[in-house]
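Below is a structure I'd like to ask you about.
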Amino acid sequence: MINTGKRPLAALSFALATLLCSGGALTDTSVLPLLVSASPSENTEGKTDTAPLPGEARPLTVVDIPRATDPAMKIAVQACVGLRNRKVGGSVFTRMRGADAQWMEELALQPDTISTAEQFLAACMAEFPGRVLYSHTRQQELLPNILTVAAVLGAIPVAEEMNTRGGDIVFDATVVFAEHDTPYHATKYVYENFVNETTGLAMLNPGYSRNNRKVWDPKLTGDMEVSMIDFVFSEKLFVTFLVNGCIQGTAQGALMNEIVSINPWPKPIGVYGYANYWLVFGGFLFEAQTLCTEPRNMGAIPTETNNLSFFSTRREPIADPGEIPQNEPEDVVFDPANTYVAFILGDGDNIDFMMGMRLEWFRQRAEACRAGEDSCPPLTWSISPHLARIAPDVLKWYYGMSYGTGRDYFILPPSGHLYAYPSSLDPSLQDAFVAATEHDARLLGANSTVHWEFFHKWRYAENVFLPKYAKEDGAITGVFPVNVPYMFPTGTWDSDRFFKVLDGPDGGKVILFRPRQWRGVSGKGELMDQEFYLSPESMAEELGAYPRGTVTGIYMTSDGGLNLSNSVMELIKILPDHVRLVSADTAVRLALEASREMEGK
């Protein structure tokens, strides 16, 4: 989930939120400096074995793309990276930000060649002669459509402003889109002519302002975020960014409904990229995608990061749970004199977080654990199951790091298989979503999931959707809910209750925990969100005051300034003795034990 500084929004009325969700009748409108080459560290302790497949020799080219590189050049280079990795898996890696060099070290990647962006593009153009010609100056709004065409045709998108000669123009967007010169018309043209050649859906912002007060008519104020373009080309994704595509009663909304209804993609549709439009009171209204269209058949796979074409083609996906077993759960017996709390590090659905911020957090965690058990309480990390397919080496690295501490565990991120609002999915897709989440849980060795719903759907979730997980042989036994994108109370909890036992039709049970978030440590906040920004001292006081025998979970995010060092690592120094930190799956087991004790009284 993208950091948007969410608030509970007392000022947002239910009527306004309902209006925005249903859609009004609107008029349709339409890095880092060049890195110095350095040999990877000789210290390979804790590094993941990422050798090529047997018999496979793949020279590795590393391409440096400085932040100041011309936007059209970045687009062309990233397209070439994707095309090259599509042709020869795991052959090109880019350095666009500091974390890229970090991953080279962590995975012991040894480049055979280090190229500048210009050098790599020249070589790539010789290998892939096809060109899609466009004008970056005049057609920036149409970049999503231009990328789709180029990816399908296996051609390089070349802006006429680049003054690049040679190659075969297989599609001239300056001519074709002269008659389809709005995002709506260009998207319609590309959909009608190319959708059946694509493998999935992505949303990439061509450069619209994210903070424009006229959310239905934002201005182009920046450049396209190019980091995921390589993945668009390796996967042949259908890219769109219709600002009003989620608003019913508009031409864009009608087109988006058609696009997600008639296509060759698996359902529910996992949407790559990010729907960073319609920023309403601090939250992107349609970021989870589920509420975007009438078919209610989408969820998000947030992936605004580079090198996914490299990682997804370098090796086969992880399909065997035995390749990434979880640490053994803690040996803890429920004691009604204690309080048990699972801290969950959130936002693991966001692949960009897993490729950047969480990499650094896990390294900090490993360092702290070397100081001894007192500095290494059990922690649970939400992590995207899609890493098994699009970045298996990265997923394996996280599990390998967890073995080093022995006290780190993993949970499915919101809301399991996709960042979605599952209770808002079309009812015909809800069982499929449950099955996909259960498959993910078995692969990752996790028995719990974080679960998000839009604020008006919690009663349905508790009564209808979540009991679908309550099976005798179910993979999911615990659910940790969060109310998004606005932190209104769910209205389904008594003040003295910390978990519920939901029963399934065959006698299975699933534990649903009370929502509780920790987003910052400033001790400040507005009237309705102060509890989300407690200092470690105040959090310790709150946990210590819970009734003895409580079992609960705390979902942690960084969008309010929280990090690993200023939260849990300070908290463990001052926790009351009777407050025990446990993993998420252990909290589920203890809650079941506690419920049996209560039933026996």
Side-chain angles (χ1 to χ4, degrees), residues 35 37-41 44 46-65 74 76-97 99-117 119-121 123-124 126-128 151 154 156 199-200 202 226-237 272 301 303-320 323-324 351-352 354-356 359 384-400:
L35 297 169
S37 172
S39 299
S41 170
T44 59
K47 302 293 190 294
T48 302
D49 180 9
T50 56
L53 296 174
E56 186 175 21
R58 290 176 295 179
L60 175 61
T61 296
V62 171
V63 182
D64 287 320
I65 309 177
K74 286 183 183 179
V77 171
Q78 278 287 79
C80 276
V81 171
L83 290 173
R84 179 61 184 167
N85 281 327
R86 188 204 298 183
K87 181 178 179 180
V88 181
S91 59
V92 184
F93 183 91
T94 59
R95 292 193 292 202
M96 301 177 67
R97 57 180 186 170
D100 298 326
Q102 188 73 61
W103 281 115
M104 287 187 66
E105 180 177 349
E106 293 296 334
L107 300 178
L109 300 179
Q110 298 280 359
D112 296 279
T113 304
I114 298 178
S115 296
T116 66
Q119 290 169 339
F120 176 74
L121 182 59
C124 180
E127 184 174 5
F128 299 96
I156 302 169
T199 65
V226 304
S227 57
M228 205 192 84
I229 289 176
D230 67 308
F231 192 60
V232 168
F233 276 73
S234 66
E235 295 287 309
K236 293 198 291 186
L237 298 178
Y272 298 101
I301 308 174
T303 40
E304 288 189 321
T305 191
N306 59 313
N307 284 320
L308 293 183
S309 71
F310 170 81
F311 285 114
S312 63
T313 61
R314 187 170 187 246
R315 54 155 288 175
E316 292 296 315
I318 294 174
D320 179 5
E323 187 174 351
I324 47 170
I351 304 298
D352 183 45
M354 301 310 299
M355 299 301 295
L359 163 68
S384 173
H386 298 283
L387 287 172
R389 178 176 54 86
I390 62 179
D393 287 337
V394 171
L395 180 61
K396 195 169 182 178
W397 180 86
Y398 276 104
Y399 273 73

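All values derive from a computational prediction rather than experimental measurement.
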### Message
When you measure from the side chain of E323 to the backbone of D320, do you find a donor-acceptor pair of N or O atoms at a distance under 3.5 Å?
### Response
no
### Query
Is there a donor-acceptor pair closer than 3.5 Å between any side-chain N or O of T313 and the backbone N or O of G90?
yes
### Summary
Interatomic distance, CG@D352 vs OG@S384, rounded to 0.5 Å, equals 12.5 Å
### Query
Ignoring hydrogens and geometry, is there a side-chain-to-backbone donor-acceptor pair from R58 to R314 under 3.5 Å?
yes
### 4.5 Å side-chain heavy-atom contact, C80 and L121
yes
## Note on the structure
When every non-hydrogen atom of P111 is compared with those of V62, the smallest separation belongs to CB-CG2, 3.5 Å
### Query
Of all heavy-atom pairs between L237 and A202, which one has the smallest distance, and what is that distance?
CD1-CB, 4.0 Å
### Query
Closest approach of V232 and A151, non-hydrogen atoms and distance?
O-CB, 3.8 Å
### Task
Please test L109 against F310 for side chain to side chain contact (heavy atoms under 4.5 Å, CB included), starting from the C-alpha separation and ending with a verdict.
CA-CA 12 Å; L109 300 179; F310 170 81; 4.1 Å; yes
### Message
Which heavy atom of V77 sits nearest to which heavy atom of V63, and what is that distance?
### Response
CG1-CG1, 4.2 Å
### Query
Do T199 side-chain atoms and E235 backbone N/O form a donor-acceptor pair below 3.5 Å?
yes
### Message
Treating R84 as the side-chain partner and C124 as the backbone partner, does any N or O pair qualify as donor plus acceptor under 3.5 Å?
### Response
no
### Summary
Minimal heavy-atom distance between W397 and L359, with the atoms involved, is CH2-CD1, 3.4 Å
### CE-CG distance between M228 and N306, expressed to the nearest 0.5 angstrom
11.5 Å
## Note on the structure
Rounded to the nearest 0.5 angstrom, the CG-CE distance for D100 and M355 is 7.5 Å
### Side-chain donor/acceptor of N307 to backbone N/O of T94, under 3.5 Å
yes
### Minimum heavy-atom distance between M354 and Y398, given as atom pair plus value
O-OH, 2.5 Å
#### Entry: Candidate pair F231 and S312, rule side chain to side chain contact (heavy atoms under 4.5 Å, CB included), full reasoning
CA-CA 9 Å; F231 192 60; S312 63; 3.8 Å; yes
### Query
What distance separates F93 CZ from I114 CD1, expressed to the nearest 0.5 Å?
11.5 Å
### Task
Can you measure from CD1 (I318) to OH (Y399) and round to the nearest 0.5 angstrom?
8.5 Å
### Message
Determine whether W103 and D393 satisfy the following criterion, side chain to side chain contact (heavy atoms under 4.5 Å, CB included), listing intermediate values before the conclusion.
### Response
CA-CA 10 Å; W103 281 115; D393 287 337; over 6 Å; no
### Value rounded to 0.5 Å, distance of OG in S309 from CD1 in I229
11.5 Å
### Pair N85-D230, side-chain donor/acceptor within less than 3.5 Å
no
### Task
Before giving the answer on side chain to side chain contact (heavy atoms under 4.5 Å, CB included), spell out for T305 and R97 the whole-Å C-alpha distance, their side-chain angles and the decisive distance to 0.1 Å.
CA-CA 10 Å; T305 191; R97 57 180 186 170; 2.9 Å; yes
